[in-house]
Structure formats: structure tokens, C-alpha cells
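Positions are given from 1, in the same order as the sequence printed here. What's counted below: heavy atoms across the whole structure, side chains too, no hydrogens, waters or symmetry copies.
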Amino acid sequence: MTYDINTIYTKYKQLTKKQRQQLLAALQSQGINIVKIEAYKYADAPSIKHLFFYFAKDSKKAIPYFMLDSEVWEKICNIL
């Protein structure tokens, strides 16, 4: 099953801070050590949306959603 980034981006943006923390906890409980998710929309092109994932505290290196392992991406989408 494929997931549209616009749908997943919208679902993530609708989460409260507490729900976002619960999402991270749910992912970590499945062995996916994501510590932060950043939703980003380009000002010059608002139809282009991205999700960036951080796998270590204080890491400045973000992994864009399209570079995630397909299994990890599917788990994220299923939890959302």
C-alpha cells in the first residue's frame, strides 16, 4: 500500500503536541528510534510538503520521508 505525502502530512499536522509525543513513543516501542518529526511546507511552493525524521537526539541530520526504508514509512503511516 502506498501513502500520499499530502495525506500523511495533513494527518501529522492535525495532531496535538501530546498526540505527537504518543506517536513517537509508539514508533519507539516498535524499535523505530525516531526522536523528532518535522513537517515542512515551502513558502514559495505551498503544494510541496515534506516530513523530516531525526533518529538521534541533538542530531542536525534529518532524513526526508522519501529516503526512509519502506517498512519504516509504512509503520509510520499505519500509526497515523
Side-chain angles (χ1 to χ4, degrees):
M1 177 182 268
T2 59
Y3 294 92
D4 174 29
I5 183 60
N6 291 317
T7 302
I8 299 304
Y9 174 93
T10 301
K11 285 183 178 184
Y12 180 76
K13 290 293 285 183
Q14 292 173 343
L15 297 177
T16 64
K17 183 177 182 177
K18 184 176 182 177
Q19 289 171 321
R20 289 178 184 188
Q21 290 171 340
Q22 291 171 337
L23 170 64
L24 291 176
L27 291 169
Q28 291 169 359
S29 73
Q30 292 187 24
I32 303 170
N33 195 30
I34 295 173
V35 296
K36 180 182 173 186
I37 300 172
E38 180 182 348
Y40 188 80
K41 182 169 40 172
Y42 292 96
D44 295 341
S47 64
I48 299 175
K49 297 173 178 76
H50 283 289
L51 290 174
F52 294 98
F53 298 87
Y54 295 85
F55 286 87
K57 288 186 178 184
D58 301 325
S59 175
K60 295 185 194 266
K61 184 177 179 186
I63 307 296
Y65 74 94
F66 56 84
M67 292 185 72
L68 290 175
D69 180 75
S70 61
E71 186 177 307
V72 171
W73 177 242
E74 188 170 326
K75 285 183 180 182
I76 293 166
C77 295
N78 287 334
I79 291 173
L80 277 172

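To the nearest 0.5 Å, the span separating CZ on Phe53 from NZ on Lys61 amounts to 15.5 Å. The CG atom of Asp4 sits 9.0 Å away from atom NZ of Lys49, with the distance rounded to the nearest 0.5 Å.
For the pair Asn33/Leu27, no side-chain contact is recorded, criterion being any heavy-atom separation below 4.5 Å from C-beta on. Looking at Arg20 and Lys36, their side chains never come closer than 4.5 Å, going by heavy atoms from C-beta outward. At a threshold of 4.5 Å between non-hydrogen side-chain atoms, the residues Tyr12 and Ile37 count as touching.
Cluster annotation: Met67 and Tyr54 are assigned to distinct hydrophobic clusters (Ile/Leu/Val/Met/Phe/Trp/Tyr, side-chain heavy-atom contacts under 4.5 Å, transitive). Linking ILVMFWY side-chain heavy atoms closer than 4.5 Å, directly or via other members, places Val72 and Leu24 in a single hydrophobic cluster. Val35 and Ile32 sit in two unconnected hydrophobic clusters of ILVMFWY residues. Membership requires side-chain heavy atoms under 4.5 Å apart, directly or through other members. At a threshold of 4.5 Å between side-chain heavy atoms, the hydrophobic network of Ile, Leu, Val, Met, Phe, Trp and Tyr places Tyr9 and Ile63 in one connected group.
Counting all heavy atoms, side chain and backbone alike, Pro46 lies closest to Lys41 at O-CD, 3.0 Å. Listed here is the closest heavy atom pair of Ala26 and Ser29: O-OG, 2.7 Å.
The ring-ring contact (aromatic ring centres under 6.0 Å, His included) pairs that include a residue from residues 24-46 are Tyr40-Tyr42, Tyr42-His50, where partners are two or more places apart or lie in different chains.
The aromatic rings of Tyr65 and Trp73 sit tilted, their planes meeting at an angle between 30° and 60°.
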